[in-house]
Amino acid sequence: MELKLSRRGFGVLTASVALAALPGQSWAQIAGYANPQLLMEPEYLLGRVSATQSSRPKYEQDGIILIDIRPIDAFAAGHIPGALHLDPNAVVAGNSPVDGALKGLPELTGLLGATGVAADRRVVLYDDKGGFHAARMLWLLEYLGHRNVALLNGGWTAWDALAGEVSKNMRAYPAARFDAAASPRRQATADYILAQRDDANTIVIDVRPPELYQKGHIPWAINIPWSHNRTEDMRFKTAEQLQSHFEGFGVKHDRNIVLHCQTGLASAHSYVALRLLGYPRVRVYHRSWAEWGSDPSLPKAV
């Protein structure tokens with residue numbers, strides 16, 4: 001008898017076999033990352049989404065809250081059981097002249113607390129954009145001092161490929177007190193970039209596509225597109241692949257690294273990639289080219 005598997009079925013089979021062959025290890029550990037805790041594999045959740053007697057998913061027993069960062073219509077159409085919803089642009093200031101600029105610290109603190117984020121909870125984030133929005137939230141949480149945070153590797157795309165359980169139940173999580181302790185070493189400003197212009201130990205990386213970089217960029221920035229961080233199935237490449245990629249551009253562990261894109265989304269994805277590799281000094285210029293490109297006083301190259 002010939003056995004035929006759909007692509008989805010094949011994905012479930014190969015993932016299950018891989019993890020079964022390496023008990024007690026996650027793919028993030030197998031892949032050789034210095035900080036594997038920054039990723040959670042969807043295969044782990046496959047056996048942890050069933051409800052307990054309290055009607056809560058089993059993964060909540062591990063202190064995990066899962067946050068779905070997709071538009072509300074996509075979330076309502078189906079999401080990972082137990083996931084909470086946070087709009088992709090909930091953290092963006094509505095009245096800023098700079099596209100994508102973040103809300104002020106009091107607003108962000110209130111928003112995260114209302115979502116249920118607290119110091120003793122592990123926050124796992126996912127979206128359906130290859131980590132675009134989820135990575136910004138990971139960076140933001142680390143910048144605000146929350147250290148126990150991770151991306152669901154591959155996000156909704158990976159969950160769907162594994163035929164993971166889907167729920168349409170809408171729920172809220174008990175509000176918590178979120179105490180922000182902002183870490184300046186995780187954020188860059190235009191003034192910081194200007195001040196480090198002649199510092200040989202600082203590298204500014206523009207992660208936008210080459211065609212946008214060529215239209216205009218910070219004169220001393222190098223172009224390393226963020227899309228090279230991931231595989232075709234939207235998961236992060238292995239540590240060896242990522243390390244080889246960044247080192248090919250001269251990005252070494254002992255450098256101060258500043259990342260920017262257009263509005264602070266793609267740059268956060270490269271932030272996660274470098275954090276996975278253990279780079280200690282990585283900052284995101286979250287106002288990015290939206291600010292720099294529109295300010296006539298700031299230097300530009302084409």
Side-chain angles (χ1 to χ4, degrees), residues 28 31-39 69 88 91 100 102 125-127 129-143 149-155 183 185-190 192-193 196 201-214 217-218 220-293:
Y33 302 122
N35 289 313
Q37 75 279 2
L38 294 174
L39 289 182
I69 309 179
V91 299
L102 298 176
L125 309 154
Y126 74 90
D127 61 30
K129 301 295 183 185
F132 218 58
H133 293 103
R136 177 172 64 181
M137 281 304 303
L138 185 147
W139 164 76
L140 180 59
L141 282 166
E142 287 206 326
Y143 166 59
V149 60
L151 296 187
L152 184 67
N153 198 11
S183 175
R185 69 188 183 93
R186 294 297 183 198
Q187 182 194 34
T189 63
Y192 176 86
I193 293 173
Q196 306 301 314
N201 289 319
T202 298
I203 298 178
V204 178
I205 301 174
D206 184 330
V207 309
R208 296 177 300 161
E211 57 269 23
L212 293 181
Y213 176 82
Q214 292 165 4
H217 57 268
I218 298 173
W220 54 97
I222 61 174
N223 185 217
I224 309 178
W226 76 280
S227 59
H228 295 295
N229 301 332
R230 62 187 188 182
T231 61
E232 290 184 0
D233 63 357
M234 300 299 175
R235 302 199 191 202
F236 279 89
K237 291 180 178 178
T238 66
E240 182 179 3
Q241 291 171 322
L242 289 173
Q243 191 68 58
S244 175
H245 173 61
F246 283 107
E247 285 186 349
F249 289 92
V251 183
K252 300 179 180 179
H253 280 255
D254 61 349
R255 303 294 179 89
N256 298 311
I257 301 167
V258 178
L259 300 158
H260 87 83
C261 54
Q262 188 68 30
T263 58
L265 287 164
S267 52
H269 196 279
S270 289
Y271 169 88
V272 176
L274 290 168
R275 288 277 292 114
L276 282 169
L277 294 175
Y279 280 72
R281 291 180 292 279
V282 187
R283 298 169 182 256
V284 170
Y285 172 35
H286 82 271
R287 295 170 76 92
S288 286
W289 190 251
E291 175 181 70
W292 194 285

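Sequential numbering from 1 along the given sequence is applied to the chain's residues. Note that these values count all heavy atoms, side chains included, but never hydrogens, waters or copies made by symmetry.
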His245 and Ile224: CA distance, side-chain angles, deciding distance, side chain to side chain contact (heavy atoms under 4.5 Å, CB included) verdict: CA-CA 9 Å; His245 173 61; Ile224 309 178; 3.3 Å; yes
Arg186: side chain to side chain donor-acceptor pair (under 3.5 Å) partners, not counting sequence neighbours: Tyr271
Axial cation check for Trp289 ring with Arg208, 6.0 Å and 45° limits: yes
Partners meeting side chain to side chain donor-acceptor pair (under 3.5 Å) with Thr263 (sequence neighbours left out): none
Interatomic distance, Tyr126 atom OH to Met137 atom CE [nearest 0.5 angstrom]: 14.0 Å
Contacts of His269 that satisfy side chain to side chain donor-acceptor pair (under 3.5 Å) - sequence neighbours left out: Asn229
Partners passing side chain to side chain contact (heavy atoms under 4.5 Å, CB included) against Tyr213 (at least two apart in sequence or in another chain): Asp206, His217, Asn223
Distance, nearest 0.5 Å, that separates CG of Leu138 from NE2 of His133: 15.0 Å
Asn153 side-chain N/O to Phe236 backbone N/O, donor-acceptor pair under 3.5 Å: yes
Spacing of Leu259 atom CG and Leu274 atom CG [to the nearest 0.5 Å]: 6.0 Å
Side chain to side chain contact (heavy atoms under 4.5 Å, CB included) involving Ala268 - partner list, sequence neighbours excluded: Ala135, Arg136, Trp139
Side chain to side chain contact (heavy atoms under 4.5 Å, CB included) involving Gln214 - partner list, sequence neighbours excluded: Pro210
Smallest separation among heavy atoms of Ala266 and Cys261, with atom names: N-SG, 3.5 Å
Side chain proximity check, Thr202 to Arg255, heavy atoms < 4.5 angstrom: no
Sub-4.5 Å side-chain heavy-atom contact between Ile222 and Val204: no
From CD1 (Ile203) to CG (Asn256), nearest 0.5 Å: 9.0 Å
Sidechain-backbone polar pair: Lys237 side chain, His228 backbone, donor-acceptor under 3.5 Å: yes
Glu240: partners by side chain to side chain donor-acceptor pair (under 3.5 Å), with sequence neighbours left out: none
With sequence neighbours excluded, residues passing ring pair (Phe, Tyr, Trp, His ring centres under 6.0 Å) with His253: Tyr279
Any Ile205 side-chain heavy atom under 4.5 Å of Val258 side chain: no
Other residues, nucleotides, ligands: >12 heavy atoms within 6.0 Å of Lys129 NZ: no
Residue list, side chain to side chain contact (heavy atoms under 4.5 Å, CB included) with Thr189, at least two apart or on another chain: Asp191, Tyr192
All pairs passing salt bridge (charged side-chain N to carboxylate O under 4.0 Å, His left out) where residues 261-273 contributes a residue, at least two apart: none
Spacing of CG belonging to Leu152 relative to CG belonging to Leu125, to within rounding of 0.5 Å: 9.5 Å
Rounded distance (nearest 0.5 Å) linking atom CG of Leu151 with atom CZ of Arg235: 12.5 Å
Pairs meeting criterion salt bridge (charged side-chain N to carboxylate O under 4.0 Å, His left out) with involvement of residues 275-293, two or more places apart: Glu142-Arg275, Arg287-Glu291
Minimal non-hydrogen separation, Gln37 against Ala150, with atom names: O-CB, 3.4 Å
Contact summary for Gly100 and His286, nearest pair of heavy atoms: O-CD2, 4.4 Å
Heavy-atom donor-acceptor pair, Ser288 side chain to Tyr285 backbone, under 3.5 Å: yes
Contact summary for Ala134 and Asp127, nearest pair of heavy atoms: N-OD2, 2.8 Å
Minimum heavy-atom distance between Ala239 and Tyr33, given as atom pair plus value: N-CE2, 3.6 Å
